[in-house]
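Proteins come first, then strands; the chains are lettered A, B, ... in the order of their sequence lines, and each starts at number 1. Because the structure is predicted, anything quoted here is derived from the model rather than measured. Computed from heavy atoms alone, side chains included, the values below leave out hydrogens, waters and symmetry copies.
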Protein chains: 2
Amino acid sequence: MTAPVVLINVFSVPPHQEAAFINLWTEALERSKNEPGFIDAKLHKSLDPNARFEFINIAHWESEAAWQTAFDKLPGAALTQQVPYEQNLALYQVVVQS
Amino acid sequence: MTAPVVLINVFSVPPHQEAAFINLWTEALERSKNEPGFIDAKLHKSLDPNARFEFINIAHWESEAAWQTAFDKLPGAALTQQVPYEQNLALYQVVVQS
């Protein structure tokens, strides 16, 4: 089995829409977590409300292909219409750790 | 003991300076990991070299104060003079997980 991939999505959410964003993200999680290859996901919220990126999702998938298949099923456009968030999404691997 | 805080630092690094950045970050890690309250740190590199943020550090500290004390000891300005990276640093807590 190839090493799991780390999906990190860095979000900027308009002011006063944090609660709506959390609900939206949680709905998307409910769909994704039953998809083949899903391992885990954690939505992080900044302690400082003025942080450049208020939310960051860190998730693990068994492979890039498994994540892509699940991601393609999500109604991306519909989500951003409900809450106009900015996302910066990419797959990562750990290169240094301690 | 208060719950650990999650430090996430989202970096954008100029092209062809990835190796220099990894060395720089690793030197800073060598200093920080011996500071009181340090738990762990993982530097993630994007699989796609064209990702908006090529590097993301995800670290855990016993408290905000412990992290701040250690961070204040780092020669921040000297680091960015060696490699002119952009950083977006904040402390986070997990709000949703699965």
Could you tell me which portion of [X] (side chain, backbone, both or neither) has an atom closer than 4.5 angstrom to a non-hydrogen atom of chain A?
| X | value |
| --- | --- |
| B:Val6 | side chain |
| B:Glu64 | side chain |
| B:Val94 | both |
| B:Ile22 | side chain |
| B:Asp40 | both |
| B:Lys45 | both |
| B:Leu29 | side chain |

Self-check item: Contact winner vs chain B - A:Ile56, A:Val5, A:Asn57, heavy-atom pairs under 4.5 Å
Solution: A:Ile56
Roughly how far, to the nearest 0.5 Å, is the [atom2] atom of [Y] from the [atom1] atom of [X]?
| X | Y | atom1 | atom2 | answer |
| --- | --- | --- | --- | --- |
| B:Leu7 | A:His44 | CG | NE2 | 10.5 Å |
| B:Ile58 | A:Ile58 | CD1 | CD1 | 3.5 Å |
| A:Ser46 | B:Asn88 | OG | CG | 11.5 Å |
| A:Thr26 | B:Gln97 | OG1 | CD | 11.5 Å |

Practice problem: Let me know if A:Leu47 has heavy atoms under 4.5 Å from chain B in its side chain, its backbone, both or neither. | Solution: both
Self-check item: A:Val95 portion near chain B, given a 4.5 angstrom heavy-atom threshold
Solution: both
Self-check item: Residue selection (most heavy-atom pairs with chain A, distance under 4.5 Å) from B:Val10, B:Ile8, B:Asp48, B:Leu89
Solution: B:Ile8
Quiz item: Centres of the B:Tyr92 and A:Phe53 rings: under 6.0 Å?
Solution: no
